[in-house]
Amino acid sequence: QVQFVESGGGLVQAGGSLRLSCVVSGSTFSTKAIGWYRQAPGKQREWVAAISSGGSTNYADSVKGRFTISKDNAKNTVYLHMNSLKPEDTAVYYCNTVMYLTGNYYFLSDYWGQGTQVTVSS
């Protein structure tokens, strides 16, 4: 099975930055599309960003222009560079393999990692 280990979260002030990492194992990383999701207290998981096997990227409107997704195939790692953070970005962030279909991203693995907590203070 595919496994995901997220890290890099923390407590930052509004306007600050963080870089999250997602190490993917149990699969051929370079052939997979990977997405970042987040879940805030009392809310459902929300898709944030995705990167294809070829390196093309896409973002939710809420983070476009502030977040950047990238990957390092040699390290089996996907990154989420988060800039200009806002309190509403506070959530647990997860990664997963994804598929794009008719304007939406769908996660492919039912086995989520522990996620990494991002807290943005105002």
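On a predicted model such as this, the values are computed, not experimentally measured, just so you know. The chain is numbered in sequence order, starting from 1.
With rounding to the nearest 0.5 angstrom, the CD1 atom of Ile69 is 8.5 Å from the SG atom of Cys22. Atom CD of Gln1 sits about 7.0 Å away from atom OG of Ser109, to the nearest 0.5 Å. Note that OG of Ser121 is 5.0 Å distant from CD of Gln13, once rounded to the nearest 0.5 Å. A distance of 12.0 Å separates CG of Asn96 from CE of Met99, quoted to the nearest 0.5 Å. Phe67 CZ to His81 NE2: the interatomic distance, rounded to the nearest 0.5 Å, is 12.0 Å. Asp89 CG to Arg66 CZ: the interatomic distance, rounded to the nearest 0.5 Å, is 4.0 Å.
In the hydrophobic cluster analysis, where Ile, Leu, Val, Met, Phe, Trp and Tyr join through side-chain heavy atoms closer than 4.5 angstrom, Tyr100 is grouped together with Tyr94. In the hydrophobic clustering of this structure, Tyr37 groups with Val92; members are Ile, Leu, Val, Met, Phe, Trp, Tyr whose side-chain heavy atoms approach within less than 4.5 Å, directly or through other members. Hydrophobic clustering (side-chain heavy atoms under 4.5 Å, transitive across Ile, Leu, Val, Met, Phe, Trp, Tyr) groups Val78 together with Tyr59. Note on Val5: it does not cluster hydrophobically with Val24, by side-chain heavy-atom contacts below 4.5 Å among ILVMFWY residues. Linking Ile, Leu, Val, Met, Phe, Trp and Tyr residues whenever their side-chain heavy atoms come within less than 4.5 Å leaves Tyr105 and Tyr93 in two separate clusters.
Among all heavy-atom pairs drawn from Ser62 and Glu46, the shortest one is OG-OE2, 3.6 Å. Contact between Ser52 and Ala33 at its shortest, heavy atoms only, is CA-CB, 3.9 Å. Of all heavy-atom pairs between Ala91 and Ala40, the closest is CB-N, 3.7 Å.
Proximity of a side-chain donor or acceptor of Lys71 to a complementary backbone N or O of Ser53 within less than 3.5 Å is detected. The closest donor-acceptor contact from the side chain of Thr28 to the backbone of Thr31 lies at 3.5 Å or more, if one exists at all. A donor-acceptor contact shorter than 3.5 Å links the side chain of Thr116 to the backbone of Gly9.
With sequence neighbours left out, the salt bridge (Lys or Arg N to Asp or Glu O under 4.0 Å) criterion links Asp61 to Lys64.
Looking at Arg19 and Tyr79, their side chains never bring a donor and an acceptor atom within 3.5 Å of each other. A donor and an acceptor atom, one from each side chain of Asn83 and Ser17, are located under 3.5 Å apart.
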Discussion item. Working note: Met82 + Leu20, criterion side chain to side chain contact (heavy atoms under 4.5 Å, CB included); need CA distance, chi angles, decisive distance, verdict.
Written reply: CA-CA 8 Å; Met82 310 165 68; Leu20 308 184; 3.5 Å; yes
>> Could you walk me through whether Thr119 and Val12 satisfy the side chain to side chain contact (heavy atoms under 4.5 Å, CB included) test, starting with their C-alpha distance in whole Å, then the side-chain angles of each, then the deciding distance to 0.1 Å, before giving a yes or no?
In response: CA-CA 6 Å; Thr119 302; Val12 298; over 6 Å; no
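The residue from Val98, Asn76, Thr97 that alone fulfils the side chain to side chain contact (heavy atoms under 4.5 Å, CB included) condition with Ile34 is Thr97.
Taking the ring centre of Phe29 as origin, the terminal cationic atom of Lys75 falls outside the region bounded by 6.0 Å and 45° from the ring axis. No cation-pi contact links Arg38 to Trp47, judged by a cut-off of 6.0 Å to the six-membered ring centre and 45° from its axis.
For Gln114, the CD atom is loosely surrounded, since the number of other residues' heavy atoms within 6.0 Å does not exceed 12.
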